[in-house]
Amino acid sequence: MTPSPATTFVRGWVALYTRGLTPEARHARRTEIEGDLWSHAQDAFERGRGPTSLEVDMITRLILGMPDDIEWRRAHRGVAGPLQTKETMMREPRSHHVLTVIGAVLAAIGLAFAVLSLVVIQRNTSDAPSDVWAASAGAAAMMAGLTLALIGLLIVRRNPMVARQMAIVGGAVIGGATLMVFAWAWPIGVAMALPAVIGFVRARQVMAAQGPLPA
Amino acid sequence: MRRKAGTLVPLEFAILDAALRLLSEGQEEAHGFLLAKVLRDEAGAKRLTAYGTLYRGLERLEGFGFLASRWEDASIGAGTGRPPRRFYRVTLAGERAFRDALSARMATTKASSRQVTT
């Protein structure tokens with residue numbers, strides 16, 4: 001059965017304000033609201049209430065409860081992981097934080113280089129169109145890979161597991177673009193992949209600093 | 001302004017009241033939507049309590065130890081496509097807190113009516 005607009009809005013809002021919280025808190029809140037939505041619809045059906053009235057009720061409950069949802073999220077935000085971000089920072093040596101900065105700076109430089117390359121490639125009318133297309137695709141792939149690596153570095157303390165995934169995917173995209181399009185310029189490809197490698201290393205360092213998840 | 005420890009805000013009082021009413025009718029536990037319905041009927045309101053307000057209130061009461069909750073087995077509602085429900089019941093501490101709050105309210109009401117008559 002197609003969900004009603006109100007149900008969709010409620011679910012969307014719940015998904016938004018539970019984003020980034022612990023899986024337990026997120027799942028509990030979402031399941032509880034799902035149960036309420038189901039019961040509300042069932043109750044309306046049993047009482048012979050029209051769909052419009054039900055929709056209005058749901059939207060009203062959603063809107064009027066938003067401030068409390070935001071407060072609830074703030075209360076739960078502080079326990080977003082095994083250790084709070086500040087504690088993780090304190091456990092790691094200074095050199096680790098410097099590594100993050102180096103990786104982020106390299107990613108930003110690489111990104112700027114890739115953007116510039118794309119502009120130059122697009123403006124180069126002397127090459128064959130297929131070559132222009134291939135080179136543009138390669139530069140765009142580099143940009144995508146570097147963006148992933150950069151985002152991973154920025155979120156590594158908050159969510160090292162996602163950061164590690166981003167580093168792997170970003171590195172794979174950059175490596176693929178180098179092999180397929182810029183094989184002749186592989187040293188540049190290696191340099192571009194450095195932020196992804198640093199991101200991967202940092203993610204492992206943060207996970208080691210956070211320790212195992214509590215039982 | 002921080003409230004005094006153990007004091008109940010109106011919604012929390014109303015939730016405990018609703019849960020205790022259901023208990024007196026033989027229903028030891030209630031899920032959020034059912035409590036919202038009782039709250040609406042008791043208040044003579046047109047609308048149910050907002051999602052955020054209701055579930056935050058329930059969580060706070062559970063945090064104070066005035067309510068205890070449990071999740072029902074997911075297989076119970078699976079046949080009808082119903083998501084698993086979270087049931088709440090009032091604890092002894094919750095009953096005590098409600099009685100204290102009710103006494104305080106009655107004392108305030110008496111004092112106010114005495115002021116009006118004098």
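So you know, we letter chains A, B, ... as the sequences are listed, proteins then strands, and number each from 1.
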Distance in Å, B:Arg56 CZ paired with A:Ile70 CD1, rounded so as to fall on 0.5 Å steps: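 CD1 of A:Ile70 is found 10.5 Å from CZ of B:Arg56.
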Separation of B:Phe33 CZ from A:Gln42 CD (nearest 0.5 Å):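 One gets 10.0 Å once the value is rounded to the nearest 0.5 Å.
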A:Asp36 vs B:Leu54, side chain to side chain contact (heavy atoms under 4.5 Å, CB included): CA-CA, chis, key distance, verdict: CA-CA 11 Å; A:Asp36 193 306; B:Leu54 174 68; 4.2 Å; yes
Side-chain donor-acceptor pairs of residues 191-199 of chain A under 3.5 Å, sequence neighbours excluded:
none

Top contributor to chain A interface from B:Glu59, B:Arg85, B:Lys46 [non-hydrogen pairs under 4.5 Å]: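 Top option by heavy-atom pairs under 4.5 Å: B:Glu59.
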Residue, of B:Arg82, B:His31, B:Arg47, that accumulates the most heavy atom pairs under 4.5 Å with chain A: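 If we count pairs closer than 4.5 Å to chain A, B:Arg82 comes out on top.
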Please report the shortest heavy-atom distance between [X] and [Y], naming the atom on each side.
| X | Y | answer |
| --- | --- | --- |
| A:Ile33 | B:Tyr51 | CD1-CB, 4.0 Å |
| B:Thr53 | A:Gly65 | OG1-CA, 4.0 Å |
| A:Ala28 | B:Arg86 | CB-NH1, 4.4 Å |
| A:Asp69 | B:Gly52 | OD1-CA, 3.0 Å |
| A:Glu32 | B:Tyr88 | OE2-OH, 2.6 Å |

[X], [atom1]: over 12 other non-hydrogen atoms inside 6.0 angstrom:
| X | atom1 | value |
| --- | --- | --- |
| B:Trp71 | CH2 | yes |
| A:Phe113 | CZ | no |
| B:Arg40 | CZ | yes |
| B:Phe87 | CZ | yes |
| A:Glu46 | CD | yes |

Chain A contact via B:Thr80 - which portion, at a heavy-atom distance below 4.5 Å: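 Both backbone and side chain.
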Report which part of [X] has an atom under 4.5 Å of a heavy atom belonging to chain B: side chain, backbone, both, or neither.
| X | value |
| --- | --- |
| A:Val10 | side chain |
| A:Trp38 | side chain |
| A:Ile63 | neither |

Side chain to side chain, B:Pro84 and A:Thr31, heavy atoms closer than 4.5 Å: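 Yes; the side chains approach each other to less than 4.5 Å.
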For chain B, the option from A:Asp43, A:Leu37, A:Thr60, A:Val14 that forms the most heavy-atom pairs under 4.5 Å: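 Sorted descending by pairs with chain B, the first entry is A:Asp43.
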Between A:Arg61, A:His40, A:Glu71, the one whose heavy-atom pairs under 4.5 Å with chain B are most numerous: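 Most heavy-atom pairs within the cutoff with chain B belong to A:Arg61.
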